[in-house]
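Everything on this sheet refers to the single structure shown next.
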Amino acid sequence: MTEPSLSKETNLLDGLNTAQQHAVTVEPGPVLVLAGPGSGKTRVLTSRIAYLMHALDVAPWHIMAVTFTNKAAREMAHRLEALMGERLRGLTVGTFHATCARILRRETRHLLGYAGDFVIFDRDDQLQLVKQALAELDLDEKKFAPARMLHGISSAKNELVTPEKYAASNYISEVTKRVYGVYQELLVSNNAMDFDDLLLNTVLLFDDRPDILQKYQQQYQHVLVDEFQDTNTTQYELLKRLAAPQNNIFVVGDSDQSIYKWRGADFRNINRFRSHYPEAKLVLLEQNYRSTQIILDAAKAVIRHNADRVDKELFTEREDGTPIVVKEAYNETEEAEMVVDTIHDLMLKGYRAGDCAVMYRTNAQSRAVEEVFLRTSMPYKLVGATRFYGRREIRDVVAYLRVIHNPADAVSLNRILNTPPRGIGAKTQQELEDWARKKGLQPAEALVRLATDPDVQHRIGSRAFRVLSDFGELLHAWLTVRDDATVAELLDLVLEQTAYRNYINDGTEEGEERWANVMEFRSVATLAEDAPLSEFLEQVALVSDVDTLSDEENNAVTLLTLHAAKGLEFPVVFITGLEEGILPHSRSMDDMEELAEERRLFYVGLTRAKDHVYLLHTFRRTFFGDASVATPSRFLGDIPIDLVSGGAISQRREESVSRASSWSWDRNRSVPRSGRQSYNRAWNEEYQPSDRRDYTKPQRTAQAGDDVHRGANAGDGDPQTTKAAPNGKHEPQFRTGQRVRHAKFGDGIVIESKVTGTDEEVTVAFKKEGLKKLAASFANLEEIGD
DNA sequence: ACATAACAGTTTTTT
DNA sequence: ACTGTTATGT
């Protein structure tokens, strides 16, 4: 080792404990880091990357670091930036899904059946496809619940099982197998992939094309993985292939924090890793830098009840701390009120609202908390629940953009065909589909044909034809400007020409809010600047709830599920609903493994806390409409009593019953459920740093690691685009995508320009007035800059 | 074709 | 309680 790199190395290791230093500097090859909560694993990962680059002179483009959430990826990139500045160029830091999506995009031409840019289908889209598959197979949705089918399909994909290899051992799996097959065909015909496909297809591609695999193996000579216990079989197989043959694979995980079994994750991958790489170096990170000793002792006592685990010797230098507080509330409203009261007390002691988090097992539990927080003006930010992009209005506008990007997307087309209502009902839709099938066209192509081919042959009724061709004309216009307009401009056109605002904003408060959400989405699109539509849609598809959480968000309490809490930390943690049936969840109580996972979930919640933990449960919990008596969670009993403050549970219960009888009368006052201010804004910030490349800078020449698509879609040379030639009589003066201004109609975009005899006929989409056909000689159109 | 009413299934966790 | 789907009436 040379002198200068040694000194750099020393700097790098400043402030790391012995185990951390060992992990950072261990020689390349397979490395397994078992990292307890709060043991600085992100720090170790980032320092390891820095070490590879500084001490071992590994080029950044030879390094890939994968995480499970964009937020984790972003944080890692931020820290690396702070550590090393611009030497990061070419480093791959991203989620499994985003990283695979990028690979698949680059290799689209090698994917059987996929033409051009595929889109990513989310769960809603998937369910639509499953329903369609069931219909095609003449199976009853009632008997074969689409959600169940989808779960079976997803599990198969997570296990690297294709429809052909799917083992049908009984009737239900026989049906699943067939549905899986049709579902997969439907995905391909929609030119779409679901989340699982991103991983699965990457592995399949690598297995199919060793030459392509080799290309990526050569590029990614060092692979690092965060939250390794959360990998599923497909992800594990992907890593194995990528890391070979050198096997420079550095994984960090903690089996006690494995909480995604239901999603196919298998912490036994940690064991598989050890047997697959017998030479793997093992590093244990056991010092906790986050929590007080009391919190850590409580967490250890809880997790010790799980069988078949290797006990870690977690320790901290933060001695003592305050006892864990366990409280019983009468019902969920009182529970939330207790949270608010406690936060108020803590604020008198110098804590801020932003220091506090309220965690719960199910999203449904957030409602009561939100209502009380609104009523008491306690600021909060909510992670998840009705996700911003899960809202109807957002899904609508995204569906428009998706159809424009990928006309093969029949699921999205279905959604927008009559949204807003434009007279295309079931019957008209059927006529369109029949005609399209007869002509061998996709429905979207058929629409455009109906609108643009004056000699079109059809037997569609005149009324139906009119509404269809009207819509086809709009679609044609959007498709024409697609490659020249920014996402925001496309969105404006769509909103304007469909009068979407009128449709969604019915004058009610809710309508106002819906429109505000659309405008929020618009500003997201504006922030994306000149990112191509494909990339914008991909980012929209791959954001998660935790991603919406930003640290510098204004000072507000964080409300989130225990699942979403993993990887985060807060000075003060409240966990609500510590009741049998909730935590542990009723669906996980009979199975020992699932129960163990519930316990890990509780463990994850506890270990998020730095200073204070409050555990709440209720006497009466309301489920669907009516309330029933709740039993305190068995997990509470796992905590040694000397770590807990407060009297015996039974005594508190009596108190709360008598309190409740005095004031439970007036509690049905409803609180308006609007004003979920913060997370829209947070969502915005998704588009800021690290994940996104800067398109305003001059482009490097394409190299491995680059997304080669930029705006234009594969296989489409756009013959209509003609460069402006202001002189010649027979050359059109306007080109598609040209921005123009009209004295009366305002600003717009040229959709088409045809030379007709001596004049030029220009079709312009005006932002305010919609589509107009104008004669260039009269219209006096003024060209305006981009 | 669309608006309204009735109804069913839903709620575990998510990239 | 809530949402999305289906039946019914205009």
Side-chain angles (χ1 to χ4, degrees), chain A residues 66-73 94-101 120-124 126-128 131 141-142 145-148 150-151 154 157-158 193-200 227 230-232 234-235 258-265 332 359-368 371 383-387 389-392 418-429 463-464 467 506 538-548 560-566 577 581-589 594 597-598 600-602 604-605 622-627 668 670 673:
Chain A
V66 276
T67 62
F68 278 83
T69 66
N70 292 302
K71 183 168 187 290
T95 62
F96 271 100
H97 292 86
T99 307
C100 286
I120 298 165
F121 271 11
D122 65 16
R123 199 189 140 83
D124 263 39
Q126 296 182 55
L127 280 173
Q128 297 300 316
K131 286 177 186 170
E141 272 186 29
K142 301 261 155 56
R148 260 194 111 82
L150 191 55
H151 184 255
S154 180
K157 291 184 173 185
N158 289 331
M193 293 193 194
D194 63 22
F195 291 130
D196 305 318
D197 279 343
L198 296 174
L199 311 168
L200 177 64
E227 308 277 18
D230 285 338
T231 50
N232 61 39
T234 303
Q235 285 161 331
S258 162
I259 54 174
Y260 285 109
K261 182 168 181 270
W262 51 274
R263 205 168 95 183
E332 48 270 296
M359 302 175 185
Y360 33 77
R361 176 65 234 264
T362 68
N363 272 312
Q365 290 171 255
S366 75
R367 165 150 301 130
E371 284 179 2
V383 181
T386 312
R387 283 120 68 220
Y389 48 87
R391 288 165 173 267
R392 188 180 80 207
N418 202 32
T419 307
R422 51 174 72 89
I424 306 178
K427 195 146 164 277
T428 305
Q429 189 184 339
R463 206 202 67 89
V467 290
D506 51 7
E538 177 162 319
Q539 296 203 36
V540 169
L542 294 179
V543 280
S544 73
D545 291 333
V546 235
D547 297 337
T548 66
L560 75 181
T561 64
L562 288 162
H563 281 90
K566 190 159 65 122
I582 294 188
L583 185 63
H585 193 268
S586 54
R587 296 208 186 174
S588 311
M589 292 199 307
E594 289 183 44
E597 178 141 324
E598 296 289 307
R600 290 194 290 269
L601 207 42
F602 184 40
V604 165
T622 311
F623 270 113
F624 289 108
D626 38 23
N668 275 351
S670 65
R673 287 186 42 74

Side-chain N,O (A:Arg392) to OP1/OP2 (C:dG4) below 4.0 Å: no
Whether A:Asn418 side chain and A:Gly423 backbone form a donor-acceptor pair below 3.5 Å: yes
For atom CD1 of A:Ile120 and atom C1' of B:dT15, their distance in whole Å: 10 Å
Phosphate contact (B:dT15 OP1 or OP2) by A:Thr69 side-chain N/O below 4.0 Å: no
Side chains of A:Lys157 and A:Thr234 in contact at under 4.5 Å (non-hydrogen atoms): no
Closest heavy-atom pair and its distance - A:Tyr260, A:Glu597: N-OE2, 3.4 Å
Contact summary for A:Lys131 and A:Pro146, nearest pair of heavy atoms: CG-CG, 3.9 Å
For atom CG of A:Leu198 and atom C1' of B:dT14, their distance in whole Å: 14 Å
side-chain contact (heavy atoms from CB on, under 4.5 Å) against A:Lys427, all qualifying residues, sequence neighbours excluded: none
Spacing of the P atoms in B:dT13 and C:dG4 (rounded, Å): 16 Å
Rounded interatomic separation in angstrom, taking NZ from A:Lys71 and P from B:dT15: 13 Å
C:dA1 OP1/OP2 closer than 4.0 Å to side-chain N/O of A:Thr622: no
Sugar-phosphate, base or nothing in reach of A:Thr428, heavy atoms under 4.0 Å: sugar-phosphate
d(CZ, A:Phe121; P, B:dT14) in whole Å: 22 Å
Of A:His563 and A:Ala426, the one whose closest DNA chain B nucleotide lies more 5': A:Ala426
Under-3.5 Å N/O pairs linking protein and nucleotides 2-4 of chain B:
residue, atom, partner, partner atom, Å
B:dC2, OP1, A:Gly423, N, 3.2
B:dC2, OP2, A:Asn418, ND2, 2.9

Under-4.0 Å side-chain N/O to phosphate OP1/OP2 contact, A:Asn363 with B:dT13: yes
Which nucleotide in B:dT14, B:dA1, B:dT15 has an atom nearest any side-chain atom of A:Lys427: B:dA1
Selected nucleotide, minimal atom distance to A:Gln128 side chain, candidates C:dT5, B:dT13, B:dT15: C:dT5
Non-neighbouring partners of A:Ser586 that pass side-chain hydrogen bond (donor to acceptor under 3.5 Å, both in side chains), sequence neighbours left out: none
Touch class at under 4.0 angstrom, heavy-atom based, for A:Lys131 against every strand present: sugar-phosphate
Whole-Å distance separating the CG atom of A:Leu601 from the P atom of B:dT13: 11 Å
Backbone of A:Ile259 reached by a side-chain donor or acceptor of A:His563 within 3.5 Å: yes
Touch class at under 4.0 angstrom, heavy-atom based, for A:Arg600 against every strand present: nothing
Listing time: all N or O pairs from protein to nucleotides 6-11 of chain B that are below 3.5 Å?
residue, atom, partner, partner atom, Å
B:dT11, O3', A:Arg587, NH2, 3.3

Salt bridge (Lys or Arg N to Asp or Glu O under 4.0 Å) involving A:Asp196 - partner list, sequence neighbours excluded: none
Residue-phosphate contact under 4.0 Å: A:Asn158 side-chain N/O, B:dT15 OP1/OP2: no
Protein-nucleotide distance (A:Gln365, atom CD; C:dA1, atom P), rounded to Å: 17 Å
A:Tyr360 to A:Ser366 - nearest heavy-atom pair and separation: OH-CB, 3.4 Å
Centroid under 5.5 Å and tilt under 30°, A:Trp262 to B:dT13: yes
Whole angstrom value for the distance that separates P of B:dT15 from CG of A:Asn70: 8 Å
Residues that A:Glu598 engages under salt bridge (Lys or Arg N to Asp or Glu O under 4.0 Å), provided they are two or more places apart: A:Arg361
Distance, rounded to the nearest Å, where A:Leu560 contributes CG and B:dT14 contributes P: 9 Å
Side-chain touch A:Lys566/A:Asp230, heavy atoms, less than 4.5 angstrom: yes
